[in-house]
Amino acid sequence: MDSHCARDPREVTVADRKKALRELRKRAKHLDRKWSVGLRKPDGMTILSIVPFVGSAMSTTLAVGYLRRINGTFYLSEEVENEMMNHIVKNTVMAAIPLVGWILRRGYSVNKRNYKTLEKYVMSMPLREPPQRRNTDSARHRHTASNSALCQDSGIGSGLSSA
């Protein structure tokens, strides 16, 4: 499935849903870990993320970007999109608290929460029933019969043997 073309989850096979969700899960984990200290020496971006308003702005920008990526993959209902926006707002408010906000934001993991909301929504959608097929044999028979009648009436296909 193309990530740049949003699709209705009901029109996507289960295998394609899982593939798209797997890619979005990796991205969510990456974004939520990106601004943490971890086991290695913190880099400049990690230190910047601790600064109260800079960290909040970076976190919010990444979360909104992730939501846009989700919207580029699947059409979301208004309810699901509002729930995801609420996660982002909560994350932004937590991040505004100096130093403690960084710890809260790290524990809250807004992108993972949005991924879990998306996964629950997408996997709960039933597959849309394929359109009913018309009986092509009878349609083909009618078409062939009408063509042969037309050919007999016009003399087409009778060759030159009628002389």
Any chance you could measure [X], atom [atom1], to [Y], atom [atom2], to the nearest 0.5 Å?
| X | Y | atom1 | atom2 | result |
| --- | --- | --- | --- | --- |
| Arg22 | Tyr115 | CZ | OH | 9.0 Å |
| Tyr108 | Lys90 | OH | NZ | 4.5 Å |
| Lys29 | Leu24 | NZ | CG | 13.0 Å |
| Ser109 | Lys116 | OG | NZ | 9.0 Å |
| Leu31 | Met58 | CG | CE | 11.5 Å |

Atom of [X], atom of [Y] and distance for their closest heavy-atom approach:
| X | Y | result |
| --- | --- | --- |
| Tyr121 | Val80 | CD1-CG2, 3.4 Å |
| Ala28 | Lys112 | CB-N, 4.1 Å |
| Tyr66 | Arg25 | OH-N, 4.3 Å |
| Leu67 | Ile88 | CD2-CD1, 4.0 Å |
| Asn111 | Ala63 | OD1-CA, 3.4 Å |

- Message: Can you tell me which residue among His87, Met85, Glu81, Glu79 is in a side chain to side chain contact (heavy atoms under 4.5 Å, CB included) with Glu83?
- Response: His87
Any side-chain heavy atom of [X] sitting closer than 4.5 Å to one from [Y]?
| X | Y | value |
| --- | --- | --- |
| Met123 | Leu21 | yes |
| Ser59 | Asn91 | yes |
| Met84 | Leu76 | yes |

- Applying side-chain contact (heavy atoms from CB on, under 4.5 Å), run through Phe74 and Asp8 and close with a yes or a no. CA-CA 6 Å; Phe74 293 111; Asp8 186 342; over 6 Å; no
- Message: Is there a path of hydrophobic side-chain contacts, each under 4.5 Å between heavy atoms, that joins Val110 and Val100?
- Response: yes
- Message: Between Val14 and Leu118, is there shared hydrophobic-cluster membership here, with clusters defined by ILVMFWY side-chain heavy atoms closer than 4.5 Å?
- Response: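 They do share one cluster, since a chain of ILVMFWY contacts under 4.5 Å joins Val14 to Leu118.
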- Message: I'd like to check the side chain to side chain contact (heavy atoms under 4.5 Å, CB included) partners of Asn86; sequence neighbours left out, ordered by chain and number.
- Response: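 Counting only residues at least two positions away or on another chain, Asn86 forms no side chain to side chain contact (heavy atoms under 4.5 Å, CB included).
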- Task: Report yes or no: does Arg17 contribute a side-chain atom to a donor-acceptor pair with the main-chain N or O of Val122 at less than 3.5 Å?
- Result: yes
